[in-house]
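Chain letters run A, B, ... following the sequence lines, proteins first, then strands; residues in each count from 1.
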Amino acid sequence: MPELPEVETVYRTLEPRLTGRVIVGVRFASRLVMRDDPDRAAAQLRARKVTGMRRQGKFLIVELSGGLTMSIHLGMTGRLLWNGAEGPHTRAVFELDRGRLVYDDMRQFGRIEIGAARVWKLGPDALSLTEDEFVSRLAVRRGRIKPLLLNQTFLSGLGNIYADEALFRARVHPLSPAGKISPARARRLWRSINEVLKEAVAGGGSSISDYVDADGRKGSFQQLHRVYGRENKRCVACGARIRRIVVGQRGTHYCPRCQRSV
DNA sequence: TGGAATGTTCGGCT
DNA sequence: AAGCCGAACATTCC
């Protein structure tokens with residue numbers, strides 16, 4: 001479900017509802033999603049006020065009174081639903097003084113943690129990194145560009161969909177050695193990343209299978225994907241067949257005619 | 001039945 | 001050290 005645009009959309013729909021609310025009760029229903037002692041974690045959260053919220057990469061960070069922080073990663077199928085109904089995959093419920101927040105996660109790859117330990121390890125957010133910074137960080141890298149874009153310590157927020165979409169827009173082959181991409185093309189890639197992320201946020205994210213925002217609404221950006229999920233379809237730019245290969249164990253979609261700079 | 005799915009982490013190897 | 005690979009995590013869908 002969640003790459004930067006989807007998490008940003010959840011953030012935007014949730015932040016106005018959550019800020020200022022007081023947590024009156026917490027229930028964790030999964031030891032996978034909450035790895036610490038769930039009773040202890042619930043006790044730590046209870047009676048705290050939400051003082052603010054932010055997003056870094058694919059993490060949502062909830063700031064609480066008393067200096068406590070809770071970080072939430074939606075994994076692959078996590079959903080945060082404002083006043084949502086509980087279902088078979090509900091893994092946590094936060095009761096607030098007004099309203100409730102339901103965390104639903106079919107595959108349970110998501111995590112809710114007290115503190116922000118994993119957030120400190122992230123690289124710069126994909127939407128806050130400057131063009132010059134991106135180009136210089138890229139130049140010293142040895143590996144291939146696609147796995148690098150998915151590496152959250154290099155850049156945080158990009159996932160499989162937007163990595164493929166950004167590479168297509170910049171006409172960069174996913175197997176290109178990152179350090180050998182010319183500065184001009186690296187700048188174009190930075191602009192493509194920014195462009196596709198901002199357009200996706202404007203479209204409310206991509207709903208491939210089950211992503212919805214905190215109000216249960218689907219995104220629309222999947223309709224504008226140019227390569228992701230379009231294997232064997234015509235390239236929107238040149239008409240060639242979109243190809244799917246596996247890179248770093250992830251399905252990777254690209255146009256063999258447009259993306260030649262290996 | 002096998003494979004794939006918007007993600008991350010860990011161990012092993014070079 | 002960096003980077004690559006495979007496996008693992010859990011569940012559903014085609």
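For the residue pair A/Asp213 and A/Thr13, no side-chain donor N or O sits within less than 3.5 Å of a side-chain acceptor on the partner. A/Asn151 and A/Thr153 share a side-chain donor-acceptor pair at under 3.5 Å. Remark: the A/Thr69 side chain and the A/Glu63 side chain contain no N/O donor-acceptor pair separated by less than 3.5 Å. Under the 3.5 Å distance criterion, with hydrogens and angles disregarded, a donor-acceptor pair is assigned to the side chains of A/Ser206 and A/Tyr162.
Rounded to whole Å, the distance from CD1 on A/Ile245 to P on B/dG3 is 19 Å. Taking atom CD of A/Glu6 as the reference point, atom P of B/dA5 lies 16 Å away to the nearest angstrom. The distance from atom NZ of A/Lys121 to atom P of B/dG7 is 19 Å, rounded to the nearest whole Å. With rounding to whole Å, A/Gln249 atom CD is found 14 Å from B/dT9 atom P. Atom P of nucleotide C/dC5 and atom CZ of A/Arg250 are separated by 14 Å, given to the nearest angstrom. Taking atom CG on A/Asn160 and atom C1' on B/dT8, their separation rounds to 13 Å, with Å as the unit. Between A/Leu4 atom CG and B/dT8 atom P there is a gap of 12 Å when expressed in whole angstrom units. One can place CG of A/Leu155 at 13 Å from P of B/dG7, the figure rounded to the nearest angstrom.
Nearer to the 5' terminus of DNA chain B, by closest-nucleotide assignment, is the contact made by A/Thr252 (compared with the other of A/His73 and A/Thr252).
The minimum heavy-atom distance linking A/Arg111 with A/Tyr103 is given by the pair N-OH, 4.4 Å. Taking all atoms of both residues into account, the shortest heavy-atom contact from A/Gln56 to A/Ser156 is NE2-OG, 3.1 Å. Taking each heavy atom of A/Leu14 and A/Ala214 in turn, the nearest pair found is CD1-CB, 3.8 Å. Across every non-hydrogen atom of A/Arg171 and A/Arg188, the tightest pair is CD-NH2, 3.6 Å.
Stretches of at least 3 consecutive Watson-Crick or G-U wobble pairs, with each checked distance under 3.5 Å, appear in DNA chain C as B:2-5 with C:11-14, B:7-14 with C:2-9.
For the OP1/OP2 pair of C/dC5 and a distance below 4.0 Å, the side-chain nitrogens and oxygens of A/Arg144 include at least one atom meeting the criterion. Side-chain nitrogen and oxygen atoms of A/Lys58 include at least one within less than 4.0 Å of the OP1 or OP2 phosphate oxygen of B/dT8. Remark: A/Arg142 is not in phosphate contact with C/dC4, judged by side-chain N or O atoms under 4.0 Å from OP1 or OP2.
Evaluation of A/Phe109 against the base of B/dT8 yields no stacking contact (centre distance < 5.5 Å, interplanar angle < 30° required).
Within 4.0 Å of A/Arg244, counting heavy atoms only, lie sugar-phosphate atoms of the nucleic acid but no base atom. Nucleic acid contact for A/Arg141: sugar-phosphate only, since backbone atoms but no base atoms lie under 4.0 Å from a heavy atom of the residue.
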Output a table of nitrogen or oxygen pairs between the protein and nucleotides 11-14 of chain C separated by less than 3.5 Å.
unit_1	atom_1	unit_2	atom_2	d
C/dT11	OP1	A/Gln108	NE2	3.1
C/dT12	OP1	A/His89	NE2	3.2

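Here, B/dT8 and C/dA1 have their P atoms 23 Å apart, quoted to the whole Å. For B/dA5 and C/dC4, the C1' atoms lie 22 Å apart once the distance is rounded to whole Å.
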Side chains of residues 253-260 of chain A: which donor-acceptor partners sit under 3.5 Å, not counting sequence neighbours?
unit_1	atom_1	unit_2	atom_2	d
A/His253	ND1	A/Asp164	OD2	2.8
A/Arg257	NH1	A/Cys238	O	3.4
A/Gln259	OE1	A/Cys255	N	2.7
A/Gln259	NE2	A/Leu167	O	3.4
A/Gln259	NE2	A/Val172	O	2.9
A/Arg260	NE	A/Arg257	O	3.3

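A donor-acceptor contact shorter than 3.5 Å is absent between the side chain of A/Arg40 and the backbone of A/Asp37.
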